[in-house]
Structure formats: structure tokens, C-alpha cells
Amino acid sequence: MEVPRLDHALNSPTSPCEEVIKNLSLEAIQLCDRDGNKSQDSGIAEMEELPVPHNIKISNITCDSFKISWEMDSKSKDRITHYFIDLNKKENKNSNKFKHKDVPTKLVAKAVPLPMTVRGHWFLSPRTEYTVAVQTASKQVDGDYVVSEWSEIIEFCTADYSKVHLTQLLEKAEVIAGRMLKFSVFYRNQHKEYFDYIREHHGNAMQPSVKDNSGSHGSPISGKLEGIFFSCSTEFNTGKPPQDSPYGRYRFEIAAEKLFNPNSNLYFGDFYCMYTAYHYVILVIAPVGSPGDEFCKQRLPQLNSKDNKFLTCTEEDGVLVYHHAQDVILEVIYTDPVDLSLGTVAEITGHQLMSLSTANAKKDPSCKTCNISVGR
């Protein structure tokens with residue numbers, strides 16, 4: 001049996017109540033908060049005994065939906081006409097108060113068989129902690145409501161983007177990727193102290209580290225995937241890496257075929273901007289069968305290394321040839337250690353442009369180019 005869905009929050013600033021009611025047959029009503037305080041002219045009758053939801057269960061959690069169910073005593077159960085669901089971000093437990101008497105602040109659904117699906121990107125964001133409490137209600141002939149006491153408060157966390165969501169991001173990125181330019185090396189900029197530390201403490205091998213939280217809030221690689229960041233973008237007029245960098249004056253360069261070859265897999269990881277005109281695409285290169293490869297295979301869309309819009313490796317006359325997209329800035333994560341002896345380290349001649357750094361950078365949630373219609 002298909003489970004009815006609750007698709008919108010009535011307090012969404014971007015989704016007028018009238019539209020919600022029209023599309024979803026929900027009722028715009030004014031409710032009391034979890035402490036039982038009613039708003040002025042709330043239209044809610046004095047509390048009568050209705051079963052209080054208990055043993056609340058949250059399941060089937062995605063980045064913008066979840067299923068909720070609970071148990072109720074059988075007494076007066078047949079009088080229930082509606083469920084009131086109080087949903088808040090965990091860090092704002094006490095912020096769900098009426099700002100205007102005509103703006104409801106709870107989710108409302110007609111009483112349906114449980115579990116019930118709550119879905120809506122206007123009020124659910126990925127990888128975010130929420131609290132939820134439930135009331136049962138009975139609508140009276142005069143339009144007033146009798147309500148139960150609030151249930152206990154339950155905490156849960158929404159999930160990351162799924163492969164389906166990432167594929168939507170991928171398709172958006174493909175639109176603006178631009179023509180492909182030839183390149184021959186991957187490079188990584190850092191301070192001199194970084195490379196000195198690698199030589200002294202890691203036997204000359206750069207080690208993967210956990211990716212920071214830059215980019216899309218729902219990206220499954222943020223805070224989880226271990227890898228080493230590389231760049232491959234070239235200057236249009238020279239065909240070589242730019243001499244400027246936001247990450248340090250020393251650059252490690254390595255032949256592209258050392259990292260990206262027929263023995264590695266390529267994955268799409270993210271697409272974002274930071275309130276700027278240019279956009280970033282994160283790709284992951286993982287040696288076949290490596291832990292990084294297994295991580296990505298379960299979570300990320302895999303790209304055809306020979307034919308995609310961002311980064312390609314093809315063979316011409318027995319030689320591997322590489323191209324990168326011109327109109328996006330590629331950030332490439334390699335998931336295995338890389339020995340410095342496989343390339344060279346040298347000081348660059350340009351400037352350190354800190355304004356281009358993406359460390360823990362937040363994605364612009366209003367950009368129509370790089371956002372999809374799920375939780376931001």
C-alpha cells in the first residue's frame with residue numbers, strides 16, 4: 001500500500017500557504033507550541049483526552065525525507081482526524097514560536113495509516129540534525145481543534161545526497177563545462193613546511209586526509225572520503241599550470257599518467273560555487289579495487305574515463321593523452337598515498353591568492369546553476 005506523503009512545511013518563507021493547501025490538501029491552522037502555549041486567536045479548543053503518541057520511530061531517512069510512525073492507546077483513537085508534527089533543526093529547539101498569527105509553524109496532515117512519509121526540500125536539508133514531536137488532533141464541526149499533549153521529543157539526522165541527487169548535479173555541471181583543453185601534469189600547491197614534514201615524518205609519501213566540508217552540504221564525500229587534492233587546470237594561452245595559487249608557494253608536479261590511467265576509476269563528487277561567477281567540480285580518481293574505489297562505488301556516479309565532460313584519458317598512437325574542461329575549476333581527489341619521488345617539487349613564481357581558497361567554503365544556496373531541488 002502506498003504511504004501518503006506530507007510534502008511541505010506551512011511555515012516555509014518561499015512556499016505560500018495558499019499554494020501548499022491547493023497542491024497538497026493540507027489545512028493551514030494555528031497550533032500551540034510544545035509547551036502548550038497557544039497563539040492569539042488560535043482556534044484550538046480546550047484540551048480533551050486524545051491518545052498521546054509514544055514510542056516514535058523514524059526510518060527510511062534520506063537527504064530530504066523520512067518516515068515517521070508511533071504507537072497510540074486505543075481510547076478515543078477513532079476521533080483523531082489530524083496529526084500535528086513539530087519539526088525543528090536541533091540547534092534551534094526553542095525558535096519555533098509564532099512570528100505572526102496568520103503564519104502556522106507546524107506540519108499538518110490528515111490522519112493516515114502509519115508510517116507516514118514527511119518530504120520537502122523547503123524545510124529539510126541534508127546531513128542536518130532535527131528534533132520532532134507529534135500531537136493527535138480532532139477537528140470539530142465549528143472548525144476548532146481538540147488536541148492531545150505533545151509526545152516526547154525525538155532526534156534524528158538527515159542523510160547525504162544519494163547517487164540520484166549527485167547525478168542531477170552532474171548533469172547541471174555538464175551544461176557549463178565548456179570545451180576540453182589538453183594537459184599533461186597534475187599538481188598540488190602547499191607551503192614548504194608541508195613538504196618538509198612529508199619527507200621527515202611520512203617517508204616521502206603524501207598521505208590521504210579526510211576531505212573538509214567545502215562544497216554542497218549534502219555531498220557524501222565531505223568529512224568522509226580520504227584523499228589528496230590535486231589540480232590540473234591550465235592557462236589558456238600557455239597550456240601550462242598557472243603560476244598563482246591560494247595554497248602555497250611550493251608545487252608538486254606529477255605526470256598525469258602516474259595517477260590517472262586504465263588502472264584507476266573516475267567518479268563525480270560535487271558541483272558548487274562560492275558566490276562567484278566561476279564554478280568548481282570535484283572529481284575522484286581511485287585505483288581500481290582500493291578502499292577509496294570501494295567507497296566511491298557505493299556513493300558516487302562513475303564517469304567513463306575516455307568520454308566525459310570534465311577529465312579524459314584517451315590513447316593516441318600508443319600514448320595516453322589528457323584533457324580537462326575549460327569553463328569549470330577542477331579539484332581532483334586521489335585516494336591513495338603519493339610518493340614525492342614520482343614527481344618534482346619547486347617554488348612557483350606567482351602570487352598566493354587566498355581569495356581563491358576553497359577550504360571549508362560554503363556553497364551559494366541561491367545559485368540556479370549549481371543547485372538541485374532537494375535540501376540545500
State whether the side chain of D270 and the backbone N or O of S216 hold a donor-acceptor pair below 3.5 Å, judged by distance alone.
-> yes
Minimal non-hydrogen separation, K172 against K368, with atom names = NZ-O, 2.9 Å
Backbone of T136 reached by a side-chain donor or acceptor of S148 within 3.5 Å | yes
Taking every non-hydrogen atom, the tightest pair across R199 and L340 | CG-CD1, 3.9 Å
Given side chain to side chain donor-acceptor pair (under 3.5 Å), test S138 with Q140 step by step and report yes or no.
-> CA-CA 6 Å; S138 176; Q140 309 299 293; 3.2 Å; yes
Would you say K297 has more than 12 foreign heavy atoms packed within less than 6.0 Å of its NZ?
-> yes
Begin from the C-alpha positions of K211 and S222 and carry the test side chain to side chain donor-acceptor pair (under 3.5 Å) through to its verdict.
-> CA-CA 5 Å; K211 182 194 171 297; S222 294; 3.2 Å; yes
Would you indicate whether the side-chain heavy atoms of I176 and V328 approach each other to under 4.5 Å?
-> yes
For atom NZ of K224, decide whether the heavy atoms of other residues, nucleotides or ligands shown that lie under 6.0 angstrom number more than 12.
-> yes
Close side-chain approach of D364 to C370, heavy-atom, < 4.5 Å = no
Return yes if some donor-acceptor pair links the side-chain N/O of T158 with the main-chain N/O of S125 below 3.5 Å, else return no.
-> yes
Kindly indicate whether the side chain of E226, heavy atoms from C-beta on, has any atom under 4.5 Å from the side chain of F295.
-> no
Verdict with reasoning, T369 to C273, per side-chain contact (heavy atoms from CB on, under 4.5 Å) | CA-CA 9 Å; T369 301; C273 72; over 6 Å; no
Using a strict 4.0 Å threshold on nitrogen-to-oxygen distance, state whether D160 and R299 make a salt bridge.
-> no
Are the side chain of S264 and the backbone N or O of I285 linked by a donor-acceptor pair below 3.5 Å?
-> no
Do P287 and Y334 come within less than 4.5 Å of each other through their side chains, counting heavy atoms only?
-> yes
Please check if the side chain of R249 supplies one atom and the backbone of I348 the other of a donor-acceptor pair under 3.5 Å.
-> yes
Between R119 (side chain) and D64 (backbone), is there a donor-acceptor pair under 3.5 Å?
-> no
Do Y194 and Y247 have side chains that get closer than 4.5 Å, going by heavy atoms?
-> no
Ring centroid separation for Y145 and F84, is it under 6.0 angstrom?
-> yes
For the rings on Y161 and H217, is their centre-to-centre separation under 6.0 Å?
-> no
